[in-house]
Structures are given as structure tokens and as C-alpha cells.
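Here's the structure we're looking at; comments come further down.
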Amino acid sequence: MSHSNNSVPPAANFIKNIVEADLAAGKHAARRWAGHPGTAAEHAAAPLDPAKIRTRFPPEPNGYLHFGHAKSILLNFGLAEQFGGRCHLRFDDTNPEKEEQEYVDAIIDAVHWLGCSWEKDGETNLYYASNYFDWMAQFAETLIRNGHAYVDSQSAEEMRANRGTLSEPGKDSPFRSRSTEENLDLFARMKAGEFPDGTHILRARIDMAAPNINLRDPAIYRIRHATHHNTGDKWCIYPMYTFAHPIEDALENITHSICTLEFEDQRPFYDWLLERLAEAGLLQRPLPQQIEFSRLNLTYVVLSKRKLIQLVEEKHVEGWDDPRLPTLVGARRRGYTAAGFRLFAERIGVSKNDSLIDYSELENCMRDTMNESDQRRIAVLDPVKLIITNYPESTSEECFAPNHPLKPELGKRAVPFSRELWIEREDFMEAPSKGYHRLYPGNMARLRYGYVVKCTGCEKDADGRVTAVLCEYLPETKSGTPGADSVKVKGNLHWVSVAHAYTAEVRLYDRLFKAAAPGTGGRDFLEDINPESKIVITAQLEPALKDAQPEERFQFERHGYFVADQVDSKPGAPVFNRAVTLKDSWTPKG
Ligand code: ATP
Ligand code: MG
């Protein structure tokens, strides 16, 4: 049932088409690159830009990255890779209050983990928007000088009231016609810290009657007496995001500035601003082009920062790296693969249509990549003892299990076999149901890589619960010997020798939510948490698994893909997390 890597063709990506058309038209061929972000003058004095295109991933360092960000990262870095370009990692840290080094570090790790690099051909394209504050303030002054910006001193309420609505135009501020000199003076004093927060604001002078509300003299600089993690107390005015972002793109020579659809209404201001700055000679042409695509939405998941914070802070999960969270740190800890995310990004494509992707599509991508990459091991998750009554006591022998059925070159490993084995409880039935081919009194089945055994009965405790299954083995039927096929059986069970087993904690993770759309239908999203999203068991594993290194992942035969937990594993005592089951067997619970 699982797809092979090639069976699902890559989905359409309209942005790729735009890039191809731009390259064919030579749109960006004459751009120059100073080797670092800069103004028109700096780039003009430099050689041609060796990068055919430039894209960027611009996270705000105010939280952990999630699966939606992975789509954006893989899209931006992927385009650059495919078309001989560069992709920049830019921390959009223009907001002084919410940003922290912890997030910067986690974002860097996550982007690396996805296999993306901002270092290429001698360039290190890792940037902080806060390093552009001098340019931004200087550009704001130019706008004032050229009549394109003014200091407004209305209160926040007055400004809101005068903005108008979708059906009504706004009203001009009484401060809109301030002279250039007065505006320059006020802006300089805003910058010098003469005024408290909220008393003045710098606005673009565009059109208070524009049908697009974003063009009704948007705010571009505000007063905020706050310490910034990078610039400290140097500034007490900070640029608004909608002013800062286009400038960041242009300074960095970004050709295609890719963002999610909610910024579509901002595009006219993006273009207006860059046009004003380019005609003033401050920015190199051609200017970056903003292109919007639809964000990733997944069933059984919440991607909203607010909800993720709530899950962590109220301890519904065990931290940002909880394997059930759709964060990239969580995914990594769960054992998800970067290759799986890449395959997923390719399969879902990029479009402008809002769509909801089923979580099982992501799981299928994980399975497909893990099936290729992961070695096989044996684990009994719900153990019951199997006693081979005609096998000698206190002796053992080796059986040989292939490490990867698709890759014989990975060889086989020895697995000890002895008189007492752990098998899955469900592999025995005292009274078998129809079509059951595993162990029941009188039936024969193969112990995978070992012998055919014939079940002779079982032992039970006072409550009638099976405590041991009894059988006899057929010594001439060992796998890999000429007699292996002498007896034909239908059942094929996995097992682990009791005397040699590694007894381990295994966490069976499942979807965090039991509803496809958590928090809809009048429910709080917390009510949709799946109470069985984490089940901790004690399992019996083949001895080789004792040496698993943190983050090493295996297919446990018949069960799924499991990873040695990177946090709780101790040397020689790994703990395992289930990344994904072998098959898509998920059904809503509860
Ligand atoms: P915030 O609400 O704090 O802005 P955010 O999720 O937009 O949260 P950013 O750090 O601004 O976080 O996002 C960085 C980039 O990731 C942006 O370019 C944004 O468009 C993109 N991105 C965020 N969420 C998704 C998503 N669900 N699908 C695709 N791209 C996304
Ligand atoms: Mg954002």
C-alpha cells in the first residue's frame, strides 16, 4: 500500500514557472551584487550578481518553526538550488519586544536539519534585519524630503476613526500637510527620544481614499522605548513590518520575495514603497517581486503560534520538542526525516488555492523515505512467553536476519535463539478466529529466521490470562538450511530470546488530536486532544538495539519506524519513540 518514491508525480509549482519565465527574459541578468546587502550605489560599483535568483526565508525569531515553515523553507531554498541562485536566511527581528536568542538558535538548527544551507560558493547569506535600521531610518527621511511621508500626531483612536472602512474612504489627518522641515525636525526628535511612546508616528503619504485600506497612509515608523536584542538601546523608533520587509528584500537583492496569501493586500504598498526609494536612487532595479502562495494547512494538527504556545505552557505536551507537536524540533525527536518533508513538499506542490492536506499524506512520505533508509530490527511490543518444550535448556544458537530486504549489501546480523522467546500476545489465540494462521493449539507457524514450531497449548493464571504459549520445534526446518521449505506454513512470527532481550521503554506516539479539524464545531481545540496520543510500554527488543545511538532509527518489523530518543536515551540504554506505523491504519478514536 505504501507509495514508492516515484509513484506520485511532483505537484505543480506556479512559482517555478514565474522564475523560469524571468530567467528566459533575462529580467535579473544585469543586477550587481556588492557581496553583502546594500543600497543602489554600493551594488552599482560591484560585479554582476553571480546568483541567477535570490530568495529568502525570513522568520521572526519569536517562536519555534513548524511544518508550515518547512514548506516555505523548502520552497525558497529549493528554488535557489534548482535555478543557480542563493537563498538567504534572514531573521526578521525588527520588533524589539518578542525576540530571543533561543529562537534564533533553534531556527538555525531546524533549517540545517532540513538540509538547507545559506552558505554557498563563498557567500554566507545569514542576515539580521535589525542591522539595516540605519538604512531604514535614512530611507524614511528621504521619503519625508520627497513629500512621501509625514509625522502624524493624532491619537491612536483618532487615527483608527479616520481610517474609514471598506465602504467609506478615510479622512486626511490634520497633520498631513505639515511642511517638510517640520516633518524632518519631528522625525529627528522622535529618533532622539524626545517623545513618549505613541505620541507621534511616521506615515507614508499615499491616499486616504484608496480602496485598499493598506494604502491609506500606512504607518512606517513608531516610537517604542524598548531594548532590542541586537541593537540594545540605540533606537527608540522602530520600523513597521510592512515598511521594513520590502526594504530588507531590496537591500539583499532578493528577486522573488515569496510569502503566504494573507500578504496579498500588502503587495501594492510593497511596490509603492520600493518604487519611491528606487526613483530616489536608493535601491537597485529591477526591484524584488512579491509572490504569494497558499499556506500549508494539515488535518489533525494546529499550526497557529498562539495555540502551540498554549499547548506547551499549559503542559498538554512536554515542551516544544514533544514528538506529538508539529514543530520541527518535535518532528526530529519523533524520528521524522528531512527527506520525508522534502518528498511531502514536492507532492503537495505550491499554489494559490487554500487547501487542507490530510495528515496521512505526510505520514506516507515519512514511511516512503524510512522504508528506503532504515535498517530492520526485531521488537516485541506486547510480549508473552513462548516455551519450546523440546529445545534444550541453557543453550542458544544464532539465526540470521537481513538488515534491509531491499539492500542485501547491508548484510545480515546474528540474532540469538533459545528455548524461551518473547512473541506478541496477539500471535497466539487459544480459540482461533476464522482465517487466523498464527499460533493456536495444533497449528504450525514459522518463527521468522528460525524454525517452524507446532503449538501444543498454553499456561494461564487464575484470571485466565495466558502466561506462556507452549510449542515444539521441528529441528530440520531452520531458515537458510535445505530443510527450511520442507514444511509449508502460513503464519510467520517475530520473536526475541528471553535470555538475551533488551527490555526497553518504548513510546507509542499517535496523533495529538483525534479530530481532523481541532476546535471546530463549537468545541475548544483542547477538547479534541487524543487521550491516547502517547502510550508508554515496556517492550522486549533484540539485543543489538541496546547499542542504538540517539536519533538512530529502525523499522521494527511488522510494527513501524522507531527512533532512539535524543533526550532520554542513555549510553547502552536507549529509549525508543514510534515515528510512524508501518501502514496507514489510523481511525478516529473516542
Ligand atoms: P507570526 O504570526 O508570528 O507572523 P508566522 O508563522 O508567520 O507567525 P514567521 O516567522 O513570520 O511566522 O514566518 C516565516 C515565514 O514562514 C513567512 O514567510 C511565512 O509566510 C511562512 N509561513 C508561516 N506559516 C506558514 C504555513 N502554514 N505555510 C507556509 N508558509 C508559512
Ligand atoms: Mg509572519
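When a ligand or atom number is given, it counts from 1 through the structure's own listing order. Here the structure is a predicted model, which is why all the values come from computation and not from measurement.
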| query | Which residue from His66, His69, Glu60 reaches closest to atom 12 (O) of ligand 1 through any of its heavy atoms? | reply |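 It is His69 that holds the nearest heavy atom.
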| message | For atom 21 (C) of ligand 1, which of the options Ala70, Ser72, Pro59 provides the nearest non-hydrogen atom? | response |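 Going through Ala70, Ser72, Pro59 one by one, Ser72 has the nearest heavy atom to atom 21 (C) of ligand 1.
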Under 6.0 Å between ring centres, would you say that holds for [X] and [Y]?
| X | Y | value |
| --- | --- | --- |
| Trp235 | His228 | no |
| His112 | Trp118 | yes |
| Phe263 | Tyr270 | no |

| query | With a 4.0 Å heavy-atom cut-off (strictly under), which part of Asn62 contacts ligand 1: side chain, backbone, both or neither? | reply |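 Side chain only; the backbone of Asn62 stays clear of ligand 1.
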| When you look for heavy atoms under 4.0 Å from ligand 1, do you find them on the side chain of Phe263, its backbone, both, or neither? |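 For Phe263, no heavy atom sits under 4.0 Å from ligand 1.
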I need the atoms of ligand 1 closer than 4.0 Å to a non-hydrogen atom of [X], numbered in the order shown.
| X | result |
| --- | --- |
| Leu296 | 26 (C), 27 (N), 28 (N), 29 (C) |
| Thr260 | 20 (O), 29 (C), 30 (N), 31 (C) |
| Lys305 | 1 (P), 3 (O), 5 (P), 8 (O), 12 (O) |
| Phe57 | 14 (C), 15 (C), 16 (O) |

| note | Residues pairing under ring pair (Phe, Tyr, Trp, His ring centres under 6.0 Å) where one sits in residues 306-338, two or more places apart or in two chains, turn out to be Tyr64-Trp320
| query | Less than 4.0 Å between a side-chain N and a carboxylate O, is that true for Arg332 and Glu551? | reply | yes
| query | Where does the angle between the aromatic ring planes of Phe525 and Phe513 fall among parallel (under 30°), tilted (30 to 60°) and perpendicular (over 60°)? | reply | tilted
| task | With sequence neighbours left out, write down each residue that passes side-chain contact (heavy atoms from CB on, under 4.5 Å) with Ser155, or none if nothing qualifies. | result | Glu157, Glu158
| said: What I want to know is whether Arg295 and ligand 1 share at least one N or O pair that is separated by under 3.5 angstrom. | reply: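 N/O-N/O distance below 3.5 Å exists for this pair.
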| request: Please verify whether a non-hydrogen atom of Phe67 lies at under 4.0 Å from ligand 1. | output: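 No, Phe67 has no heavy atoms under 4.0 Å from ligand 1.
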